[in-house]
Amino acid sequence: GMDTARGVVLDITRALYDSGEHGMEIKALLLYVNCADGELRTYMRFLREIKVVENYNTEGRRAWRLTNNMTKLYSSIVA
């Protein structure tokens, strides 16, 4: 339901915020969220569409991180 989705989104956001600009690969992110791999990928696509996260390639691996705007917003909320 909605509560589960909200929880997963918050867990993703918190984990990526803590990982900084280095970001995280999906398999690392899976350790922080209460959902399956395929479901997480669906969330990530949605969050990319609404400009919460971006994905990038580093050292041949594909990682995810928060967008600059989301990082600023999150830090202003948790500060």
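Quick note: residue numbers are just sequence positions, from 1.
Put simply, CG on L47 and OG1 on T13 are 6.0 Å apart, with the number rounded to the nearest 0.5 Å. Of the inter-residue distances, the one linking M24 atom CE with L66 atom CG reads 11.0 Å to the nearest 0.5 angstrom. N34 CG to T4 OG1: the interatomic distance, rounded to the nearest 0.5 Å, is 8.0 Å. Between I77 atom CD1 and K72 atom NZ the span is 14.0 Å, to the nearest 0.5 Å. Taking OG of S75 as the start and CE of M70 as the end, the distance is 9.5 Å to the nearest 0.5 Å.
Contact check for V9 versus R6: no side-chain heavy atoms found under the 4.5 Å cut-off.
Applying the ring-ring contact (aromatic ring centres under 6.0 Å, His included) rule to pairs touching residues 46-79 yields Y17-Y74, sequence neighbours excluded.
With sequence neighbours left out, the side-chain contact (heavy atoms from CB on, under 4.5 Å) criterion links E54 to R65, T67.
Using a cut-off of 4.0 Å between Lys/Arg side-chain N and Asp/Glu carboxylate O, R41 and D37 are scored as salt-bridged.
Nearest heavy atom pair, residue V53 against residue M44, reads CG2-O, 3.7 Å. Across all non-hydrogen atoms, the minimal contact from C35 to L30 is O-CD2, 3.5 Å. Nearest heavy-atom pair, L40 versus I12, reported as atom, atom and distance to 0.1 Å: CD1-CD1, 3.6 Å.
By the criterion of side-chain heavy atoms lying less than 4.5 angstrom apart, applied directly or through intervening Ile, Leu, Val, Met, Phe, Trp or Tyr residues, V33 is grouped together with I26 in one hydrophobic cluster.
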